[in-house]
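Report on one structure; see the data block that follows.
Ligands are counted one by one from 1 in listed order, and the atoms in each one are counted from 1 as well.
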Amino acid sequence: MLNKNTVMIAKFPVQMTSPDELTEHIYGCIGASKKSILFFANTNFVVKCKLLVERFLNDDVVIVNDGLGMDIACMLLHGRKFKSNLNGTDFMPYFFLQSKQKLRVFLLGGQPETLNGAAYYLAHTLGHVVVGTCDGYDGIKNAQNLVDTINEACVDVVLVALGNAEQEEWILTNYQQINAKFFAGVGGLFDFWSGDKPRAPKWMQNIRMEWFYRLCLEPKRLYKRYTVDALKFLISCIKYRKQRVRS
Ligand code: UDP
């Protein structure tokens, strides 16, 4: 846990924090050789990770808020705003650029061709060392002893991009056996780093409409996420609120 300033969003303890405080916490853990795990919770995370919720109640885990839906839920449930919006696409580059040393990073997930571009970006733009990769399709399916492979590469950081809730489950199941210090579930980050998918224009990000831009680019894949699943998210929040009022 990062600090005691946590709010519950549909049973998930979400930290009220800023990029600076979060970065300091993670480097503090790395310096002390203590494992830490970071998850970016958006509405999709809350819906898809519902069955894993007990496994997130672990002192090594930090969950932060990503996106407009989480802000609305925080306002409705707690009458307050989060300090910052912490999505992986903005936070992870910020985090890597603050490092005083080159970190050894393993990339797990994404399409094989995306991984090459993401590894190039991490090495050349952010200045770190990619010590191994495994794609999230045939790569992970056919990998034998992936945990051993990662350990043999002497890794500091493992970034996992398999989508919700596969990436969360993979990290929670494997992190104790891996000698890395920091693990993060990063969703579509490798797609952005490789340039395979564009970010929304800055003005759209500023008015919190990046989700709409992504929906327009990939309507088939994301339609359910922003309709049915958004509704499921709302229902989870209402249920949680009723339970809280009763107890
Ligand atoms: N992915 C994967 N294996 C799968 C399904 C997805 O490696 O079986 C990858 C996918 O290529 C993408 C990432 O997982 O790079 C998740 O992307 P998504 O857009 O769903 O993430 P988010 O919207 O949560 O950022």
**Asked** Arg55 and Thr173: side chain to side chain donor-acceptor pair (under 3.5 Å), yes or no, with the steps?
**Response** CA-CA 9 Å; Arg55 297 179 67 187; Thr173 304; 3.0 Å; yes

**Item:** Pair listing, ring pair (Phe, Tyr, Trp, His ring centres under 6.0 Å) test, anchored in residues 128-155, at least two apart
**Value:** Phe96-His128

**Prompt:** Quick check: does any side chain N or O of Thr149 sit under 3.5 Å from a backbone N or O of Asn145, one acting as donor and the other as acceptor?
**Reply:** yes

**Prompt:** Between Arg225 and ligand 1, which part of the residue brings a heavy atom under 4.0 Å of the ligand: side chain, backbone, both or neither?
**Reply:** side chain

**Item:** Glu166 near ligand 1 by a heavy-atom separation under 4.0 Å
**Value:** no

**Message:** According to ring pair (Phe, Tyr, Trp, His ring centres under 6.0 Å), who are the partners of Tyr121, at least two apart in sequence or on a separate chain?
**Reply:** Trp193

**Asked** Do Arg214 and ligand 1 have an N or O pair less than 3.5 Å apart?
**Response** yes

**Per atom 8 (O) of ligand 1, closest listed option by heavy atom (Cys134, Gly136, Pro112)** = Gly136

**Request:** With heavy atoms only and a cut-off of under 4.0 Å, state how Lys141 meets ligand 1: side chain, backbone, both or neither.
**Result:** neither

**Request:** Find all atoms of ligand 1 within a distance of less than 4.0 Å from any non-hydrogen atom belonging to Gly109, and give their numbers and elements.
**Result:** 7 (O)

**Request:** Please could you name the atoms of ligand 1 that Gly163 approaches to less than 4.0 Å, counting only its heavy atoms?
**Result:** 14 (O), 16 (C)

**Complete:** So for Asp191 against ligand 1, with non-hydrogen atoms under 4.0 Å, the contacting part is side chain

